[in-house]
Every structure is written in C-alpha cells, then in structure tokens.
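Structure first, commentary second.
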Amino acid sequence: MTLADSSYSITDAVNMIAQSRGLRSVTREEILRVIGLPIAESWMALWGAFDESWLDEYREKFVPMEYKGLRLFPGAREVLESLRGLGMRLGVASNRRNVLPALEATDIAQYFDSVVGLQDVALPKPNPDVVIESMERLGVRGAETWYVGDTADDMRAAVAAGVWGIGVESGNFKAADLLEAGAWRAIPSVVDLPALAETGNPSGCTFVPARG
C-alpha cells in the first residue's frame, strides 16, 4: 500500500483460503488493518487462529493470483524514475517473506538495488531488522537513509533503525497516526516524494523518536 494497491487482491486471496478452510469471509477494510503484518500474525488478528497448512495452501494456490491483482498507484513508476534520476539508491524492506515476485508482477524490480524480506532476517517490523539489512546491502548510514512506508510499524521500524521515516497516507494510517509512531514527515502519496527529496534536508531537522 505504499507503491501499489494490494488490498483488493489480498482480500480476494485471503477469502479463497477462508472458503477452502471453512473460515469466515473478511472485508477489504479488515485487510487494510492488517496489511504489513506477517501472514501468520495477520490471520491471527482476522480469525483468532492460524495453521501452517493454511499457509502452505495459500502460497501454492492463491499467492500467484494475489500477485496478478497488484496495481501500482498512479505516478508510482514515475516517482521511482525521478528518485533514481536524483542519484538515490533504492531498496525494498518488507514484511513479505518473498518480495521479488510482487516487484516483478508490477514490473518495478529493476528500480531497486536491494530487496529484503522476512526470509533474510530474524524478526519482522516493527523490529528494525529489514531496514538495517537493507542499509548494509546498500552501503548507507542511518543519517542518510529515508524509510518510506504506510503503516505505524514502518515508522516504528524506522525509529528503531535510526533512519528518517516518511509515512504515506495511502494505506490505513493517517498523518497523525504515522507522526505519532515516529515519522519525520507524513505525506498524502508517494508522488510527493520527489519534491521532498529535492527540498528536504534531514540533517538540518530535529529528529524526535516515537513517544511511548
């Protein structure tokens, strides 16, 4: 929900496993509240239960259908091209276990110098592992790194990793939620990133960690 709208395709795929396993159907609004969590944690939140066999069937039968339903937000590809044109190195740090198929399905894999998912680290966000691993692969320091995401856990991970968190309101979290979780900036859409990249100067700002 940062670069692409995954909510409809995930809702469809999750409801297919629900029908297969005799679980209740879920709404897109419910899916929006758990997008960004590891699958097992999101299903516990939805159904109060999780079985590894559900995940095996989901990955085998329904994840390919989910990938086909991913749709980039308007302007997202142009944003990536603009950021690359500004000399930025780009990486993905995700709570998906295998991230690359989603990038390939939306034809944006070529823009990223690093792709990190849960298969590469010990702990999911809000722990900072995926962000730290991404920085190591990109060869950058926290003070020169922006982490862009649409959830409060993204911003908490940014704080824990010591990087500048930029919250995007394209998911289920509003600016106030993202700032409360520690975001340095909150923007309505990724299309606002190039302007921020050209004018923003994190080194000249006071970074305030998340409260609580």
Side-chain angles (χ1 to χ4, degrees), residues 1-52 54-55 57-59 62-63 65-74 76 92-99 101-103 105-106 117-118 121 123-131 147-161 165-190 192 210-212:
M1 296 301 296
T2 302
L3 291 169
D5 190 338
S6 58
S7 61
Y8 293 97
S9 61
I10 292 176
T11 301
D12 290 343
V14 167
N15 278 329
M16 288 176 187
I17 194 67
Q19 183 177 15
S20 172
R21 296 293 172 150
L23 302 163
R24 71 171 184 87
S25 296
V26 300
T27 66
R28 175 175 175 266
E29 287 67 30
E30 288 178 295
I31 290 296
L32 281 169
R33 289 195 288 269
V34 299
I35 281 180
L37 297 176
I39 288 180
E41 188 176 338
S42 70
W43 289 0
M44 282 295 299
L46 292 172
W47 296 314
F50 170 77
D51 189 293
E52 195 70 33
W54 304 351
L55 185 54
E57 182 181 11
Y58 183 78
R59 286 175 173 159
F62 306 130
V63 165
M65 300 174 65
E66 176 194 322
Y67 291 148
K68 291 180 181 178
L70 294 174
R71 295 292 181 268
L72 288 179
F73 286 124
V92 176
S94 173
N95 268 356
R96 282 182 180 264
R97 183 158 299 279
N98 188 7
V99 190
L103 301 179
T106 49
L118 287 188
V121 299
L123 296 171
K125 295 176 291 184
N127 293 282
D129 295 26
V130 290
V131 182
Y147 186 52
V148 183
D150 66 287
T151 72
D153 277 354
D154 288 330
M155 299 303 99
R156 294 184 185 109
V159 171
I166 300 177
V168 184
E169 294 183 280
S170 50
N172 196 47
F173 291 83
K174 301 304 180 185
D177 304 315
L178 297 164
L179 291 167
E180 176 67 24
W184 165 61
R185 290 285 189 273
I187 56 178
S189 163
V190 289
D192 300 301
R211 295 179 288 279

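Heads up: numbering here begins at 1 and tracks the sequence. Small disclaimer: the values here were computed from a predicted structure and weren't measured.
- The shortest non-hydrogen separation linking Val130 to Ser94 is CG1-O, 3.7 Å.
- No side-chain heavy atom of Trp54 sits under 4.5 Å from any side-chain heavy atom of Ile39.
- Residue Ser170 holds its OG atom at 4.5 Å from CZ of Phe73, rounded to the nearest 0.5 Å.
- Between Ala102 and Leu70, the shortest heavy-atom distance links the atoms CB-CD1, 3.8 Å.
- Rounding to the nearest 0.5 Å places OG of Ser42 at 10.0 Å from CG of Asn95.
- Listed by first then second residue, pairs satisfying salt bridge (charged side-chain N to carboxylate O under 4.0 Å, His left out) with a partner in residues 9-21 read Arg21-Glu57, not counting sequence neighbours.
- Shown here for Gly167 and Met155, the closest heavy-atom pair between the two residues is N-SD, 3.6 Å.
- Here the closest heavy-atom approach between residue Lys125 and residue Ala93 is recorded as NZ-O, 3.5 Å.
- Annotation: salt bridge (charged side-chain N to carboxylate O under 4.0 Å, His left out) contacts of Glu169 (sequence neighbours excluded): none.
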Just do the side-chain contact (heavy atoms from CB on, under 4.5 Å) check on Leu3 and Thr106 with the steps written out, would you? CA-CA 10 Å; Leu3 291 169; Thr106 49; over 6 Å; no

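- Of the possible polar contacts, none joining the Tyr8 side chain to the Arg71 backbone as a donor-acceptor pair under 3.5 Å is found.
- Distance CD1/Ile166 to CG/Leu178: 11.5 Å, rounded to 0.5 Å.
- Once rounded to the nearest 0.5 Å, the distance linking NZ of Lys68 with OG of Ser9 reads 12.5 Å.
- Judged purely by distance below 3.5 Å, without hydrogens or angles, the side chains of Arg28 and Ser7 pair a donor atom with an acceptor atom.
- Minimum interatomic distance between Ala152 and Ala181 (heavy atoms only, all atoms of both residues): O-CB, 3.6 Å.
- The ring-ring contact (aromatic ring centres under 6.0 Å, His included) check on Tyr58 picks up Trp43, with sequence neighbours excluded.
- Side chain of Gln19 to backbone of Met16: no donor-acceptor contact under 3.5 angstrom is found.
- Under the side-chain contact (heavy atoms from CB on, under 4.5 Å) rule, Thr11 has a single partner from Ile35, Leu32, Ile31, which is Ile31.
- Listed by chain and residue number, Arg156 satisfy the salt bridge (charged side-chain N to carboxylate O under 4.0 Å, His left out) test with Asp153 (two or more places apart in sequence, or in another chain).
- Remark: Glu41 CD to Leu46 CG distance equals 11.0 Å, nearest 0.5 Å.
- Considering only residues two or more places apart in sequence or on other chains, Asp177 meets the side chain to side chain contact (heavy atoms under 4.5 Å, CB included) condition with Phe173, Lys174.
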Dump the intermediate steps for side-chain contact (heavy atoms from CB on, under 4.5 Å) on Ile17 and Leu23, then the final yes or no. CA-CA 8 Å; Ile17 194 67; Leu23 302 163; 5.6 Å; no

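- Considering only residues two or more places apart in sequence or on other chains, Thr151 meets the side chain to side chain donor-acceptor pair (under 3.5 Å) condition with Asp154.
- In this structure, CD1 on Ile10 lies 10.0 Å from OH on Tyr67, to the nearest 0.5 angstrom.
- Listed here is the closest heavy atom pair of Ala157 and Pro128: O-CB, 3.8 Å.
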